[in-house]
**Q** 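Right, I'll just put the structure down here and ask away after.
Values in this document were obtained by computation on a predicted structure and should not be read as measured data. Below, read A as the first sequence line, B as the second, and so on, with proteins coming before strands; counting in each chain starts at 1.
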Number of protein chains: 2
Amino acid sequence: MALDQDRAAGSLYRKVAADLREAITSGSFGDAGRLPAEGALAEQYGVSRGTVRQALALLRADGLVTSRRGTRRVVLGSARVQSFSELLSFTHWARSMGEEPGGRLDSMVRRPADAAEREQLRLEPGTEVYVMLRLRTLSGTPVMVERTVYPPRVGELVAQLPPDAVSHTEPLREHGILFSDADHTIDVVGANADDARLLGCRRGSPLLREKRRTTDPTGTPVEWSQDRYLPGTVAFSIHNSLASSALSRHAREND
Amino acid sequence: MALDQDRAAGSLYRKVAADLREAITSGSFGDAGRLPAEGALAEQYGVSRGTVRQALALLRADGLVTSRRGTRRVVLGSARVQSFSELLSFTHWARSMGEEPGGRLDSMVRRPADAAEREQLRLEPGTEVYVMLRLRTLSGTPVMVERTVYPPRVGELVAQLPPDAVSHTEPLREHGILFSDADHTIDVVGANADDARLLGCRRGSPLLREKRRTTDPTGTPVEWSQDRYLPGTVAFSIHNSLASSALSRHAREND
DNA sequence: CTGGCCAAGTTGGCCAGCCAACTTCCGTCG
DNA sequence: CGACGGAAGTTGGCTGGCCAACTTGGCCAG
């Protein structure tokens, strides 16, 4: 229901991209995995070549096709890339896999932001933040501990949600809090006392950690979160290429 | 030296993008973090608005700027995204940080590919592959174990390299093996006997694992690698947005 | 039969223009 | 003083066209 809404989303090149994506994954173009020429596609869809190129740029960024000057595009595979909302919302993600998402609020406190939090959320000294600790489950089994810091504008809304609310991002969107960009950092960390208590593991046992800072369309940070997953429950995958690279590897700094 | 070569790389919009990237990170546009209008930039650089938009699309994909209809672009930050080659080559990456990369070949065997390897490298049944196990060090300290599977065409070249060669990707490039696209999967895994022996950790102790399949511009796989990092040495970061999302989270399947 | 050359096909890149959708700001009216 | 409305500014989207760079395959000469 909400899926069809953002699938083609108005613009012409997105519709073309969605159609081509489906044609690729359904196994058309089996002819040695070669796509029709841009000009042929343009005529077929009744659009200009520029529009087709915009659509193909989307597919290339997703790792579905290559592109080289001089020869036709080649189908790489049916790399399944999730939508942005599916990535930010644990609830949305779980449901798309057919699992039942759950959440248990452990604590929600309001206190002055420390130096790191002020920098991440771009807050003035002395500003208060809302810090939330929540256990996340898939079909009843504990999977992840979520430690999220909200700036006041967002935290006030989250604090008013019922404690047993499964999804927080959906109500936030209805209150006009929009998510637009996110920076993720992935590494390994040992479980602290809270993690061990909530996940039922030993202190110091390894967890896959995803740190995430999300901003709205104006560039204002709306959340800073640390999600700690039990090993063996999830993995993250990324596609990148010479044409577009959003991934980076770096020496791990403090914290 | 090799850096300047791919920085602007011929095309006009890449030069504009490189110039804007530098202007942003050097702190121009301090005026509330607002970029000049597309039209103004087009006139300033003496190019068309379409070319400016191509350049800005690169910056948006890197997470440097936002973009919303109706208002000027906003500077998000100086997100440091590494070049593609810096990401694939441990040697290149280490040197860009000012560290001394090292490598010690542990084993290099040639044997028939198993089912998983055939699927990853798209090989016919019975084809032989080259399997390499190598310890990687930064300034002398062990950091990562690299387990790479090469198809015959590539493996024959790697096997002829001297055992103490630090970089493998650079000689490969000179032999015409080009890297174009890569799929990465990141999770946590316990050290096996080889990992423990080479890294000096205990068996079963957690490692940050990056599985990577790289293809050339024609879509043919050229390597399938598993890199296992000691915790606390590296982290991976990704930027994504509503406009372009190449990251995905998924339930961890077998192996 | 082999090697090299050439032409056709294809994508990359750049330009100029046009309109729609949206944001912001300011002036006006109640 | 506040709310409403409109105008100006800006980005999103699409078209049509042109040339350059590159790949591929076939033809031709040796």
Side-chain angles (χ1 to χ4, degrees), chain A residues 6 8-18 20 29 31-61 65-76 176 178 180-181 216-220 241-244, chain B residues 6 8-18 20 29 31-61 64-76 176 178 180 216-220 241-244:
Chain A
D6 70 1
S11 49
L12 204 41
Y13 76 95
R14 287 180 190 276
K15 286 177 187 157
V16 174
L20 285 174
F29 316 127
D31 187 18
R34 241 49 180 293
L35 247 62
E38 294 174 356
L41 290 172
E43 193 177 5
Q44 174 184 332
Y45 285 104
V47 300
S48 79
R49 195 185 145 217
T51 301
V52 170
R53 284 175 64 79
Q54 273 187 287
L56 291 171
L58 289 184
L59 303 185
R60 185 182 55 181
V65 298
T66 59
S67 65
R68 243 193 331 161
R69 173 151 40 185
T71 185
R72 293 228 185 129
R73 286 184 163 80
V74 175
V75 176
L76 276 184
L178 300 176
S180 167
D181 288 77
D216 69 10
T218 71
T220 307
S241 68
L242 268 176
S244 76
Chain B
D6 69 1
S11 49
L12 204 41
Y13 76 95
R14 287 180 191 275
K15 286 176 187 158
V16 174
L20 285 174
F29 314 128
D31 188 19
R34 243 42 184 294
L35 246 62
E38 294 174 355
L41 289 172
E43 192 177 4
Q44 174 185 333
Y45 285 105
V47 300
S48 80
R49 195 184 145 217
T51 301
V52 170
R53 284 176 65 79
Q54 274 187 288
L56 289 172
L58 289 184
L59 302 186
R60 186 182 54 181
L64 281 171
V65 298
T66 61
S67 66
R68 243 192 334 161
R69 173 149 45 183
T71 186
R72 293 226 185 130
R73 286 184 162 81
V74 175
V75 175
L76 274 185
L178 300 176
S180 167
D216 69 10
T218 71
T220 308
S241 67
L242 267 175
S244 75

**Q** Please name all residues satisfying side chain to side chain contact (heavy atoms under 4.5 Å, CB included) with B:Ser48, sequence neighbours left out, ordered by chain then number.
**A**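 Side chain to side chain contact (heavy atoms under 4.5 Å, CB included) list for B:Ser48, sorted by chain: B:Thr51.
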
**Q** Name the pairs: protein N/O against N/O of nucleotides 5-7 of chain D, kept only if under 3.5 Å.
**A**
none

**Q** Under 3.5 Å, sequence neighbours excluded: what are the donor-acceptor pairs made by side chains of residues 39-46 of chain A?
**A**
from	atom 1	to	atom 2	distance (Å)
A:Tyr45	OH	A:Asp19	OD2	2.4

**Q** At under 4.0 Å between heavy atoms, what does A:Arg68 touch on the DNA or RNA strands: base, sugar-phosphate, or nothing?
**A** sugar-phosphate

**Q** Using chain A heavy atoms and a threshold of under 4.0 Å, write down where along DNA chain C the contacts begin and end, 5' to 3'.
**A**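 Both ends considered, the range comes out as C:dG9 to C:dG13.
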
**Q** Between B:Thr66 and B:Leu76, is any pair of side-chain heavy atoms under 4.5 Å apart?
**A**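 Sidechains of B:Leu76 and B:Thr66: in contact.
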
**Q** With the side chain counted from C-beta on, respond yes when B:Leu20 and B:Phe29 share a heavy-atom pair under 4.5 Å apart, and no when they do not.
**A**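 Counting from C-beta outward, B:Leu20 and B:Phe29 do come under 4.5 Å.
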
**Q** Nearest whole Å is fine: how far is D:dT23 P from B:Asp216 CG?
**A** 12 Å

**Q** Quick one: A:Lys15 NZ to D:dG13 P, roughly how many Å, whole number?
**A**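 Rounding to the nearest Å, NZ of A:Lys15 and P of D:dG13 are 12 Å apart.
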
**Q** If the condition is side chain to side chain donor-acceptor pair (under 3.5 Å), which residues does B:Thr220 pass it with, not counting sequence neighbours?
**A**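 Listed in chain order: B:Thr218.
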
**Q** How does DNA chain D look in dot-bracket form if you count Watson-Crick and G-U pairs under 3.5 Å, write [ ] for pairs that cross, and put | where a base pairs with another strand?
**A** ||||||||||||||||||||||||||||||

**Q** Taking CD from A:Gln54 and P from D:dG12, how many angstroms apart are they, rounded to a whole number?
**A** 10 Å

**Q** Run the side chain to side chain contact (heavy atoms under 4.5 Å, CB included) test against A:Ser180 and tell me which residues pass, sequence neighbours left out.
**A**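 For A:Ser180, the residues satisfying side chain to side chain contact (heavy atoms under 4.5 Å, CB included) (neighbours in sequence not counted) are A:Pro217.
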
**Q** Using a 4.0 Å cut-off on heavy atoms, which residues in residues 40-48 of chain B reach DNA chain D? List them by number, or say none.
**A** none

**Q** Evaluate the criterion side-chain contact (heavy atoms from CB on, under 4.5 Å) for residue pair B:Leu35 and B:Val75; output intermediate values, then yes/no.
**A** CA-CA 7 Å; B:Leu35 246 62; B:Val75 175; 3.4 Å; yes

**Q** Both A:Tyr13 and B:Gly39 contact DNA chain D. Taking the nearest nucleotide for each, which residue is further toward the 5' end?
**A** B:Gly39

**Q** Would you please name every residue forming a side chain to side chain donor-acceptor pair (under 3.5 Å) with A:Glu38, sequence neighbours left out?
**A** A:Arg49, A:Arg53, A:Arg73

